[in-house]
Every structure is written in C-alpha cells, then in structure tokens.
There are 2 protein chains.
Amino acid sequence: MQNAPRKARNSANSTRRKGAAVTIHEVAQRAGVSPMTVSRVVNGNANVRAATRELVMRTVRELNYTPNAAARSLAAASGTRIALIYTNPSSAYLSELLVGALDGASKAATQLVLDTWDHMTRATERAAARKIAQSVAGVILPPPLCESKAVCSELVAAGIPVVAIASGRFQPDISGVRIDDFRAAQEMTEHLISFGHSRIAFIKGHPNQTASALRYEGFQSAMAAAGIPVDPTLVQQGFFTYRSGLEAAEKLLARKKPPTAIFASNDDMAAAAVSVAHRRGMDVPRDISVVGFDDTPIATTVWPELTTIRQPIAAMAASSIDLLLRSIRRRKDGEARVVVDHVVAHVLVKRDSVAAPAPG
Amino acid sequence: MQNAPRKARNSANSTRRKGAAVTIHEVAQRAGVSPMTVSRVVNGNANVRAATRELVMRTVRELNYTPNAAARSLAAASGTRIALIYTNPSSAYLSELLVGALDGASKAATQLVLDTWDHMTRATERAAARKIAQSVAGVILPPPLCESKAVCSELVAAGIPVVAIASGRFQPDISGVRIDDFRAAQEMTEHLISFGHSRIAFIKGHPNQTASALRYEGFQSAMAAAGIPVDPTLVQQGFFTYRSGLEAAEKLLARKKPPTAIFASNDDMAAAAVSVAHRRGMDVPRDISVVGFDDTPIATTVWPELTTIRQPIAAMAASSIDLLLRSIRRRKDGEARVVVDHVVAHVLVKRDSVAAPAPG
DNA sequence: GAGCGTAGTGATAGCGCTATCAAAATTCAA
DNA sequence: TTGAATTTTGATAGCGCTATCACTACGCTC
C-alpha cells in the first residue's frame with residue numbers, strides 16, 4: 001500500500017518541487033530502458049547499441065537531464081577533485097584563470113581545489129607534488145609552475161594527469177592548452193611594421209619561461225620577413241615585472257636615437273614603458289608606440305590603453321578541465337596515457353597605444 | 001547472521017585505499033554511538049547530550065574526520081549552491097575574492113557558482129536577481145552590485161540570504177562583511193600627518209559607492225583632529241578609475257603650490273597619481289608622497305610600491321560563505337532572518353611611496 | 001548443432017550521509 | 001513510586017548515481 005515510492009513519486013508527480021532536477025530514472029522510464037543504460041550513454045561508455053544510444057540521447061535532451069554531481073561522485077567513489085596550483089597570487093591573469101576553471105569545474109560537476117606554492121625550493125616542490133598527487137585526480141598548472149621539471153616529473157610519476165596552461169612550449173610528457181606565442185608575436189610585429197615602424201625595440205620576458213623565447217623568435221621572424229634588421233641594442237632583457245620593464249625602457253629611451261615603437265613581452269612591462277615615456281615627456285602613441293602581450297587588466301588600466309595580444313585564459317582554463325576529466329576517465333578505464341597539445345586562437349587587440357611613427 | 005557488511009569492512013580493514021576518507025561510521029563505531037548521533041554533532045544540531053557531543057567531537061578530531069560533501073548534499077537533497085555575482089570582471093581584487101570564496105566553499109563542501117552581470121539596466125538586474133534566486137540558496141554581492149537597491153530588494157523579497165562584501169555602508173536588510181573604511185582612512189591620514197604632511201590632497205572615489213563617502217569622512221575627521229584645515233581645492237572628485245586619477249592628479253599637481261601628499265581613494269587612482277608626478281619630473285616619494293587604498297595588485301606593480309590599506313578580501317570572502325551557510329541553515333529550520341554586520345580588521349601597509357615632505 | 005565467446009542489457013547492491021520516526025532514557029509531577 | 005512529558009538516541013530507508021555481475025541474444029568454430 002505504501003511503497004514503490006521513488007518511481008511512483010517521480011513519474012506520477014509531474015510537479016517537481018522547486019529546483020529538484022530530473023533524475024536518471026525518469027529518463028530511463030521515458031526511454032524504456034534501464035537506468036544503467038542511461039548511465040552508460042551519458043558517460044560515453046562503449047557497449048551500447050547505436051540505436052539505443054540515439055534514443056537515450058534524444059530523451060536526455062528532451063527532458064533536459066543533467067546528472068547530479070553529488071550522486072555521481074558518491075557512487076563512483078571517485079572524488080574527482082582537480083587542483084589548480086599557482087604561485088605568485090597577484091599575477092594579473094589569476095582571476096581570469098579562476099573564473100574559467102571554476103566555470104569548467106561547475107559545468108562538469110567537479111570540485112576544484114586551489115593551492116598556492118610560494119617561496120618553495122625544488123625539494124619542497126617535489127614533496128608538495130607528491131602530497132597533492134594523493135588527494136586529487138588531476139592538476140592544472142599555469143606558468144611558471146608548469147616549467148618546473150621537478151613538479152611535472154613528480155606528478156607524472158604519480159600517474160596523475162596534468163595539464164599545463166599557457167605554457168609556451170609543448171612539453172613531451174604532459175598535456176597543454178596554450179596559444180601560439182610565436183605566431184602571436186609575429187602578428188604583433190607585423191602590425192607595428194604595417195604602421196611604418198622599423199626601429200622597433202623588444203623587451204624580452206623572463207628567461208626561465210619558454211613563452212619568452214617563442215615571443216622573441218616570433219618578433220625576429222616577422223622582422224626578418226619584412227627585411228628589417230634587428231638592432232641588438234634595441235633588444236633588452238626583462239623579467240615580466242613592471243620594475244624590469246622600467247629599467248629596460250629607461251635604457252631604450254635614453255638613447256640619442258630612441259626606437260619609434262616598443263614591443264614588450266607582457267603588459268606589465270609595456271605599462272612600465274609607457275610610464276617611462278611619459279616621464280621623459282614623450283606622448284604615447286604620438287612620439288612612441290608601445291604594445292604588450294596577454295591583455296591583463298593593467299592593459300586597460302593605464303592610459304593610453306594598450307594594444308596587446310589577448311589570450312583567452314578563461315576559456316583555456318575551462319578547456320583544461322575538460323581535458324583533465326577526459327584523461328582521468330581514460331586512466332580509470334586503464335587506457336594508456338594520451339598527451340594532447342591544444343592550441344587555441346589568440347586575438348590582436350588594437351587599442352590606443354599604437355600610431356604611425358613621427359615623420360622624419 | 002548475514003549483514004553488518006560495511007562496518008566489518010571498515011573497522012577491520014585499517015589500510016584504507018588511497019584517498020578514501022574516514023567515514024561517519026568509523027567515527028560512530030569508535031565513539032560507541034550511532035552514525036546519526038555523529039551527524040547531529042557535526043551539524044551542530046541541538047538535542048545531543050553535552051557529554052555525548054564532547055565525546056564525538058573528540059573522536060572526530062582524533063580520526064581527523066571530514067564529512068563527505070557529495071554524500072551530504074545528496075542525502076540532504078540541499079543543493080547548497082552559493083552564487084557570487086560580480087560586474088566589471090577586471091576589477092583588481094576579483095582574483096582575491098575568488099580565491100577566498102572558493103576556499104571557503106570547498107571547506108564547507110558547497111558549490112560556488114559565478115555570474116557576471118555587466119551592462120545591465122535596473123530592469124534586467126531585477127529579472128536576473130529573480131532568476132538567480134530560483135537556483136541558488138544564497139548570494140554574495142561585492143561592490144558595486146551590493147549598492148543596488150533593485151538587486152538587494154529583489155533578493156531579499158525572494159527570501160534568500162545575501163551577504164554584501166566590502167560594502168561601505170551597513171545596509172539595514174542584508175548582512176555584510178567589510179572593513180571600517182572610515183577608521184582606515186583616518187589611520188592613513190594620521191600616518192601622512194605623522195610624517196609632517198599638512199598640504200594633503202584627497203582624490204575621492206565614485207560617488208555612487210558608499211565606501212567613497214566613508215573614506216572621505218575618515219580623511220576629514222583625521223585632519224580636523226590634527227587641527228589642519230582641509231583646503232577644498234585640494235579635494236578632487238575621482239571615479240575609482242586610473243583615468244579619473246590621472247585627471248585629478250593633473251589638476252592637483254598643476255597648481256603653483258602643489259600638495260606634498262596625495263591620498264587617493266583606491267590604488268588605481270594612486271598609481272595614476274604616481275604616473276602624473278613622474279610625468280612632471282617629480283620623484284615619489286621625495287617630492288611628493290602618494291597613498292592608495294585596497295592593496296590591489298597594482299599597488300605592488302608600480303614603482304615605487306604604494307603605501308595603502310589592505311582589505312583582507314580573501315578572508316572576507318571566505319567568511320561570507322560561512323555567514324551565508326549559517327543563514328541558509330537557519331532559514332531551513334524556519335528561524336527568523338538575522339542580519340549581521342561583520343567588520344574585519346584592515347592593515348595599513350607601509351611601502352615606499354611615503355616620505356617626509358621636502359623642507360620648506 | 002553443441003560449445004563457446006562476445007556484445008548488449010538489466011538487477012542488485014551499495015557510495016556516505018541525513019530525514020524521519022520509533023525506541024529508549026531521562027526528567028518531572030503527583 | 002508511578003505515569004506522563006520530554007529529551008536523547010538509534011534503526012530504517014532512501015538521496016541519484018554507478019560497479020559489478022548475471023543474463024540474454026547472437027555469432028562463431030569445429
């Protein structure tokens with residue numbers, strides 16, 4: 001008289017209480033299959049006849065079914081937690097990184113855990129890597145952490161999937177989501193050249209990050225393609241910090257024949273270059289053009305706003321989560337580790353820091 | 001005869017598989033009570049004898065038990081999701097806000113959902129508020145959204161708990177976590193005065209944010225207390241943007257007798273002031289001291305690094321989550337809405353942008 | 001055509017927790 | 001001391017999902 005509770009309730013009671021989502025049982029019933037089959041379809045498991053899969057998928061769509069994250073991770077006993085580890089918490093694109101990762105995680109019903117590794121020696125990094133490998137199923141590594149051999153190898157050894165985000169190089173043993181730094185730098189250089197600049201200075205990024213080298217190479221390549229020789233005295237070493245940009249720009253602009261444009265390897269250094277130019281009484285972009293890279297908040301904070309290369313960090317973070325989840329599932333199914341290199345499109349954002357060089 | 005399967009496994013098998021956490025059953029068994037009692041204790045439910053509660057809590061601590069988020073939310077059928085809604089995604093403290101909120105959320109095993117409300121009219125804001133109220137159990141509102149009557153009243157009407165973070169004013173109908181802007185501005189002003197400054201300029205914040213007024217009042221109060229009259233021509237209106245800071249500072253420094261110190265209502269404007277000073281050939285802090293407010297990344301990006309007021313945004317975000325969770329639980333138990341105003345300590349961070357005024 | 005493997009599917013039994021209500025222990029009144 | 005009122009505790013039954021294994025077809029070898 002009283003029970004057969006769940007199915008009865010769910011199918012009969014069409015007015016579900018606010019927020020109560022449609023369950024796998026409802027989908028199963030509607031499609032005329034067992035919940036297990038629905039589960040298999042939803043999880044992309046093999047061994048479901050094409051016709052059945054089709055039917056279930058249609059039903060899922062009709063009912064707008066979304067698997068319940070809690071139930072799923074409870075049943076699967078796979079606390080699919082993903083760690084996002086970063087250093088340098090004030091890094092300008094951290095917030096975008098977080099937004100993207102959080103978004104991807106919540107869509108995929110995964111818990112995202114954050115970890116900050118600051119001021120660590122190689123040894124402590126190793127230890128930390130080993131520790132984190134115990135408690136999560138995957139790791140997202142933004143730069144500069146993804147450049148650390150120690151961290152990467154430890155993580156790889158522990159067998160947990162890793163995605164390096166925005167790392168310049170495609171690393172052999174870990175997957176990555178990145179833009180084409182080389183091509184982007186090329187485009188930016190071409191952009192400058194198209195305005196008529198030829199005395200273009202370049203401020204390099206931190207030497208321990210592979211993206212730095214790629215950006216520089218892109219610059220060189222575009223200059224060469226345009227038949228413009230690169231004046232080595234117009235190339236300064238920077239370290240991605242505002243401070244280092246200040247020093248580099250100072251040297252550049254103190255010359256008796258300063259460049260007509262400065263291409264800084266990131267926005268912080270470009271902002272610093274703008275500041276130095278102003279200090280020397282130069283107008284940007286009238287007297288000198290300045291461009292950056294990354295499109296971090298500082299690019300739109302300073303005046304004039306910087307022409308720069310936009311990396312879609314949020315989208316990259318979200319897609320890292322996807323990548324990771326796929327690897328995790330694959331790993332669980334005992335399949336071999338697959339390393340992918342996902343290159344996403346960048347955008348050259350034109351703002352107000354570029355103009356044609358002054359005649360003469 | 002037949003069952004007791006789980007208990008047997010858990011107690012006998014001391015080698016838990018990697019990552020498998022201690023369960024409520026283990027705690028219960030160890031403490032010699034039922035799982036239900038442990039659950040009650042952990043959830044702060046009343047109706048547990050003091051002695052029992054004590055015993056369970058000790059056991060929990062011994063075993064280092066953490067409730068399984070998935071199981072909990074599954075069983076409680078309470079998709080305790082909390083929304084963090086922001087506008088202006090490039091706002092400098094967004095990343096810290098996210099870090100804090102995410103941290104608090106993951107500790108409390110709550111899902112955090114993000115939402116961006118940009119370029120919205122009052123009407124669309126209302127609609128969005130009504131919509132979000134359907135899908136989450138609580139909302140965190142950073143400025144400037146928490147100043148919107150439309151949003152707040154809609155949310156309050158929907159009966160869902162709201163916490164305003166870093167809002168200057170203590171609003172009558174929603175809870176808040178904030179610093180004492182008035183007191184902080186006072187302290188900063190006193191700091192400047194203690195260096196011997198008296199011609200202190202002030203750049204006000206955006207007029208639609210209550211924190212702006214409080215900061216200005218704090219400044220006035222400290223000046224009055226020191227017996228220094230505030231020169232009204234040394235007070236400029238700003239809008240929290242770098243650009244507005246540029247204009248304000250320009251006016252201030254173009255005077256034939258410029259101030260010896262500038263107190264900007266946030267870091268962006270302070271950074272702009274530094275830039276203007278440099279442009280005019282002035283050294284900071286030798287020729288002019290500049291201070292900001294908020295301690296956002298830009299404060300440590302520019303050179304010299306800014307003396308500013310640090311708001312512990314991350315901690316504030318985390319504690320907002322706590323507050324919210326408590327409200328949600330209270331609400332579920334049918335208790336009356338309680339509005340709290342949580343004021344956290346700020347810190348005056350002394351860096352390199354302040355010095356004694358030049359003699360004469 | 002018996003024997004055996006191999007998709008494809010479903011029944012069953014939990015994952016770790018909490019809602020619910022019944023049972024036990026306690027308190028209090030008479 | 002007894003009975004009722006109350007507090008404290010426990011047993012049971014799921015929350016929505018998936019792991020596991022059993023079972024049904026169907027095709028294959030010999």
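Just so it is clear: chains get the letters A, B, ... in the order the sequence lines come, proteins before strands, and each one is counted from 1.
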### Query
Closest nucleotide of DNA chain D for B:Ala71 versus for B:Arg53: which of these residues is on the 5' side?
B:Arg53
For atom [atom1] of [X] and atom [atom2] of [N], their distance in whole Å:
| X | N | atom1 | atom2 | answer |
| --- | --- | --- | --- | --- |
| A:Arg72 | C:dG16 | CZ | P | 18 Å |
| B:Asn47 | C:dA19 | CG | P | 14 Å |
| A:Leu74 | D:dC15 | CG | P | 13 Å |
| B:Glu26 | C:dG16 | CD | C1' | 11 Å |
| A:Gln29 | C:dT9 | CD | P | 18 Å |
| B:Asn68 | D:dC15 | CG | P | 18 Å |
| B:Met36 | D:dG14 | CE | P | 16 Å |

### Task
Could you check if a side-chain atom of B:Leu94 sits within less than 4.5 angstrom of a side-chain atom of B:Leu97, using non-hydrogen atoms only?
yes
### Message
What does the B/S/- profile of nucleotides 21-27 of chain C look like, 5' to 3', with a 4.0 Å heavy-atom cutoff to protein?
### Response
-------
### Query
Can you pull the salt bridge (Lys or Arg N to Asp or Glu O under 4.0 Å) pairs that have at least one residue in residues 50-71 of chain A, sequence neighbours excluded?
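Qualifying pairs, neighbours excluded: A:Arg30-A:Glu62.
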### Task
Can you run down the salt bridge (Lys or Arg N to Asp or Glu O under 4.0 Å) pairs that involve residues 35-44 of chain A, sequence neighbours left out, and say none if there aren't any?
none
Check for a donor-acceptor pair, side chain of [X] on one end and backbone N or O of [Y] on the other, with a separation under 3.5 Å.
| X | Y | result |
| --- | --- | --- |
| A:Thr124 | A:Met120 | no |
| B:Thr52 | B:Val48 | no |
| B:Thr23 | B:His25 | yes |

### Message
Can you tell me if A:Ser39 touches the phosphate of D:dT18, counting only side-chain N or O atoms and a distance under 4.0 Å to OP1 or OP2?
### Response
yes
#### Entry: Phosphate contact (C:dC15 OP1 or OP2) by B:Thr23 side-chain N/O below 4.0 Å
no
Got a sec, which residues hit side-chain contact (heavy atoms from CB on, under 4.5 Å) with [X], two or more places apart in sequence or on another chain?
| X | value |
| --- | --- |
| A:Glu96 | A:Arg310, A:Ile313, A:Ala314 |
| A:Val344 | A:Val177, A:Ile179, A:Pro312, A:Met316, A:His342 |
| B:Ala83 | B:Ile85, B:Val113, B:Ile132, B:Val136, B:Val139 |

### Message
Let me test you: for the helix from C:dG1-D:dC30 to C:dA30-D:dT1, what is the angle between the axes at its two ends (five pairs each), rounded to 10 degrees?
### Response
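Between the axes fitted at each end of the helix from C:dG1-D:dC30 to C:dA30-D:dT1 lies an angle of 40°.
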Among [options], which nucleotide sits nearest the side chain of [X]?
| X | options | result |
| --- | --- | --- |
| A:Pro67 | C:dT9, D:dC17, C:dC17 | D:dC17 |
| A:Ala75 | D:dT9, D:dG16, C:dT18 | D:dG16 |
| A:Thr37 | D:dG16, D:dG10, C:dG10 | C:dG10 |

#### Entry: Of B:Ile24 and A:Ser34, the one whose closest DNA chain C nucleotide lies more 5'
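Residue closer to the 5' terminus by nearest nucleotide: A:Ser34.
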Compile the donor-acceptor pairs under 3.5 Å between side chains in residues 153-163 of chain B and protein atoms, sequence neighbours left out, one pair per line.
{"unit_1": "B:Ser153", "atom_1": "OG", "unit_2": "B:Arg126", "atom_2": "NH2", "d": "3.3"}
{"unit_1": "B:Ser153", "atom_1": "OG", "unit_2": "B:Lys149", "atom_2": "O", "d": "3.0"}
{"unit_1": "B:Ser153", "atom_1": "OG", "unit_2": "B:Ala150", "atom_2": "O", "d": "3.2"}
{"unit_1": "B:Glu154", "atom_1": "OE1", "unit_2": "B:Arg126", "atom_2": "NE", "d": "2.8"}
{"unit_1": "B:Glu154", "atom_1": "OE2", "unit_2": "B:Arg130", "atom_2": "NE", "d": "2.9"}

Could you list all N or O pairs between the protein and nucleotides 26-28 of chain D that sit under 3.5 Å apart?
none

### Sequence-distant partners of A:Ser39, side chain to side chain donor-acceptor pair (under 3.5 Å), two or more places apart
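Listed in chain order: A:Asn43.
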### Test side chain to side chain donor-acceptor pair (under 3.5 Å) applied to A:Asp115 - qualifying residues, sequence neighbours left out
A:Trp117
